[in-house]
Amino acid sequence: MEIDQPKVQLGDIPPNHTVYANNLDDHIKKQELRTQLYCLFAQYGVILDVVALKTPKMRGQAFVTFRDVASATQALHSLQGFSFFGKPLRLQYAKCKANVVAQMEGTFDPRSRPKRKVEFGVAPGGGKKAVGTGAQEVVARADEPSRSAPAALGASARAEADGAAAAAAAAAAATAEPPNKILFVQNLPDVVNEQMLRLLFQQFESFCEVRLVPGQAGIAFVEFGDDAKAGVAMKALQAFKVTPTHTMKISFAKA
DNA sequence: AGCACA
């Protein structure tokens, strides 16, 4: 005879594009959490969105949405119990369909509330006015099902896979100057602002500040606590695609 | 434990 099954049975929830994760360390900053989850889960497939809220009800939880259910399934099984920031991941399928997925299927019904998430960089409608209100809500998301240009997080992972050549060139350039706690960032699109750059760089330890150069579009300085920490950030974000056409070049600033 | 996306 069968005894009642304890805790969560995966079978309770049908397969979904989205993996629901809980038991997350809730003192991790939201952006950091999303970035780390993105990096961890991206090995199982194309990620459309990572949602993490810090509201009382939603803290310690996150939603990772894949383009394909099979990827979600793969990730769910492979990463079940994975030690993430010292705590084992608890994974299930999400109970509901993510908005991105509904959009992908063309069934998105904005009856609740129409969402205007801001893309990092170029606004889909074109033009140079990109970020207005919700600049801190940068999302990793694909707008078009097929050859989408995922923003922020997606681009970061893409930059890894993508720019062998660009990265090599940038790395070569990076070695031109000796280590410095200040980084020199080039090839930024002219729509970037400090807020956006901060989002990218603040996830690294000992981040201090971002400085744009008035009158000098496309470049910025980013300061860290010391040379080594700056170097870590540089390596991680080297060749990051800020937009599909702008690949960041990072080097140590001149002393 | 807790299933959202403004």
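Here the structure is a predicted model, which is why all the values come from computation and not from measurement. Below, chains carry the letters A, B, ... as their sequence lines are ordered, and counting in each starts from 1.
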Of all heavy-atom pairs between Arg67(A) and His17(A), which one has the smallest distance, and what is that distance? O-CD2, 3.0 Å
Between CD1 of Ile13(A) and P of dA4(B) the distance, given in whole Å, is 12 Å
Using the aromatic ring of Tyr20(A) (for Trp, its six-membered ring), decide whether it stacks on the base of dC3(B) within the limits of 5.5 Å and 30°. yes
Show me, pair by pair, the donor-acceptor contacts under 3.5 angstrom made by side chains of residues 220-227 of chain A, not counting sequence neighbours?
unit_1    : atom_1 : unit_2    : atom_2 : d
Glu223(A) : OE1    : Arg211(A) : NH1    : 3.0
Asp226(A) : OD1    : Ala228(A) : N      : 2.9
Asp226(A) : OD1    : Lys229(A) : N      : 2.9
Asp227(A) : OD1    : Lys181(A) : N      : 3.1

For the pair made of NE2 in His17(A) and C1' in dA4(B), what is the distance, rounded to whole Å? 17 Å
What is the distance, rounded to the nearest whole Å, between atom OH of Tyr93(A) and atom C1' of dC3(B)? 16 Å
Kindly give the heavy-atom pair with the smallest separation between Ala233(A) and Leu183(A), and that separation in Å. CB-CD1, 4.3 Å
Rounded off to whole Å, could you give me the CG-to-C1' distance for the Asn16(A) and dA4(B) pair? 12 Å
note: Met58(A), atom CE; dC3(B), atom C1'; distance rounded to Å ~ 6 Å
Expressed as a whole number of angstroms, how long is the span from Lys57(A):NZ to dA1(B):C1'? 11 Å
On DNA chain B, check which nucleotide each of Ala98(A) and Leu24(A) is closest to and give me the residue with the more 5' one. Leu24(A)
Can you sort out the partners of Tyr20(A) under ring pair (Phe, Tyr, Trp, His ring centres under 6.0 Å), two or more places apart, ordered by chain and number? Phe63(A)
Could you check how far CG of Leu53(A) sits from C1' of dA1(B), rounded to whole Å? 16 Å
For the side chain of Gln92(A), starting at C-beta, report the closest nucleotide among dA4(B), dG2(B), dC3(B). dC3(B)
Using a 4.0 Å heavy-atom cut-off, does Lys54(A) contact any base of the nucleic acid, only the sugar-phosphate backbone, or nothing at all? nothing
